[in-house]
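Have a look at the structure below, then the notes.
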Amino acid sequence: MKMFIIILVVVILIIILFQSFTIMPVVKTEEQKYSLVKKYREFEIRFYPSATVATINSNAKTYRDLSGPGFQKLAGYIFGGNGANKKISMTSPVQMDINDSVSTMSFVMPSAYTKENLPKPNDPNVQIKNTSDEYVAVIRFGGYASDEDLKLYSERLQNLLTENGITSFGNYRFLGYNPPFQFINRRNEIIVTVEWKEKQK
């Protein structure tokens, strides 16, 4: 019994040590820029300026069906699958818009790049676009995301916006911040575009 406890403690320490090393490069990853506009108890309002993204369209209707294939296509582009054979740094978060018509998955490009100076994707399914400026409402949750989580937190955010008299429009979208090998301190968010007037600030 004593030996089992010792082994268990050693395994836990190894996992913690491993996670501390795997989180280090994640912390250095460039994150999409935004301004915090207002913080509520369970959610917040942010302003996102226009950003350049690499995007793929998909017929997938679930997080599981979109995340794997979508990530492979976009990762192929930034890992050298482009006209310049150039590697482009990964940023966070990965963005997903999962709906019943056309779902999308996007990587935000590093701020040093624009639509004009990015290399052309080899895969015609990868498109380079500029997003629009927008105000969004955001709710956060941890762990590994699932379709059930996306539905749960989308509904929760929708209810919170209704309670606070905030009008939203468009689809509820998912933001994922962590690589699959990061087990602790995972960050996930659901966002939706909102109508935000100066007086609400």
Side-chain angles (χ1 to χ4, degrees), residues 15 18-19 21-23 25-27 29-32 34 42-44 46 48 51-82 87-110 121-129 131-132 134 136-161 168-194:
I15 291 173
F18 173 75
Q19 285 301 299
F21 279 109
T22 56
I23 290 171
V26 175
V27 173
T29 301
E30 182 180 342
E31 187 175 312
Q32 184 180 8
Y34 66 83
E42 292 187 57
F43 72 101
E44 59 190 38
R46 297 175 186 167
Y48 279 93
T52 304
V53 299
T55 299
I56 59 102
N57 294 332
S58 171
N59 293 322
K61 302 293 186 291
T62 66
Y63 170 80
R64 179 177 292 183
D65 291 340
L66 177 61
S67 57
F71 191 92
Q72 288 177 5
K73 287 180 179 294
L74 293 171
Y77 170 65
I78 67 170
F79 292 155
N82 52 68
K87 290 186 178 180
I88 301 167
S89 297
M90 183 78 188
T91 68
S92 69
V94 173
Q95 305 180 359
M96 295 188 215
D97 181 346
I98 305 166
N99 58 78
D100 292 329
S101 53
V102 178
S103 297
T104 64
M105 184 175 190
S106 303
F107 284 4
V108 179
M109 297 292 96
N122 293 341
D123 185 343
N125 293 307
V126 178
Q127 304 171 33
I128 307 300
K129 299 180 177 181
T131 63
S132 300
E134 63 174 344
V136 300
V138 185
I139 191 169
R140 183 172 176 172
F141 63 99
Y144 282 89
S146 66
D147 287 296
E148 291 75 18
D149 290 326
L150 271 58
K151 183 175 185 295
L152 175 67
Y153 286 97
S154 293
E155 290 175 353
R156 180 58 184 154
L157 181 56
Q158 185 177 43
N159 290 336
L160 289 167
L161 294 177
S168 66
F169 52 94
N171 299 320
Y172 284 73
R173 292 165 278 159
F174 170 74
L175 304 183
Y177 286 81
N178 311 104
F181 55 76
Q182 184 177 334
F183 302 132
I184 59 175
N185 295 327
R186 295 188 64 81
R187 176 184 175 188
N188 310 291
E189 293 173 341
I190 296 294
I191 70 168
V192 66
T193 306
V194 295

What are the two closest heavy atoms between [X] and [Y], and how far apart are they?
| X | Y | value |
| --- | --- | --- |
| Y63 | A145 | CE2-O, 3.5 Å |
| F141 | E189 | CE2-N, 4.3 Å |
| F183 | P180 | CE2-O, 4.2 Å |
| Q182 | I184 | NE2-O, 3.0 Å |
| S103 | A60 | OG-O, 2.7 Å |
| V108 | Q32 | CG2-OE1, 3.6 Å |

Rounded to the nearest 0.5 Å, what separation is found between the [atom1] atom of [X] and the [atom2] atom of [Y]?
| X | Y | atom1 | atom2 | value |
| --- | --- | --- | --- | --- |
| I191 | R46 | CD1 | CZ | 8.0 Å |
| S58 | D65 | OG | CG | 8.0 Å |
| T91 | E30 | OG1 | CD | 6.5 Å |
| M105 | N57 | CE | CG | 13.0 Å |
| M109 | Y77 | CE | OH | 6.0 Å |

Check against side-chain contact (heavy atoms from CB on, under 4.5 Å), I139 and R156: CA-CA 8 Å; I139 191 169; R156 180 58 184 154; 3.8 Å; yes
Less than 4.5 Å apart, side chain to side chain, heavy atoms only: is that true for [X] and [Y]?
| X | Y | result |
| --- | --- | --- |
| L161 | V194 | yes |
| I78 | M90 | yes |
| F107 | I88 | no |
| T62 | I98 | no |
| L74 | V126 | yes |
| Q127 | I56 | no |
| I190 | L150 | yes |
| V192 | L157 | yes |

Y48/T131 under side-chain contact (heavy atoms from CB on, under 4.5 Å): CA gap, chis, key distance, verdict: CA-CA 9 Å; Y48 279 93; T131 63; over 6 Å; no
Got a donor-acceptor contact below 3.5 angstrom from the [X] side chain to the [Y] backbone?
| X | Y | result |
| --- | --- | --- |
| K61 | N59 | yes |
| N171 | D97 | no |
| N99 | V102 | yes |

Pair [X]-[Y], side-chain donor/acceptor within less than 3.5 Å:
| X | Y | value |
| --- | --- | --- |
| R173 | T104 | no |
| N82 | N122 | no |
| S146 | E148 | yes |
| E134 | T193 | yes |

Aromatic centroids of Y153 and F174 separated by under 6.0 Å: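 Ring centres of Y153 and F174 not closer than 6.0 Å.
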Residues K73 and D123 bridged, charged N to O under 4.0 Å: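 So K73 pairs with D123 through a salt bridge.
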Residues E44, R140: salt bridge by 4.0 Å N-O rule: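 No.
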Stepwise side-chain contact (heavy atoms from CB on, under 4.5 Å) test for M96 and S67: CA-CA 8 Å; M96 295 188 215; S67 57; 3.8 Å; yes
NZ (K151) with more than 12 external heavy atoms under 6.0 Å: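 No.
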Cation-aromatic face contact R186/Y177, 6.0 Å, 45 degrees: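 No, cation not above the ring by the 6.0 Å, 45° rule.
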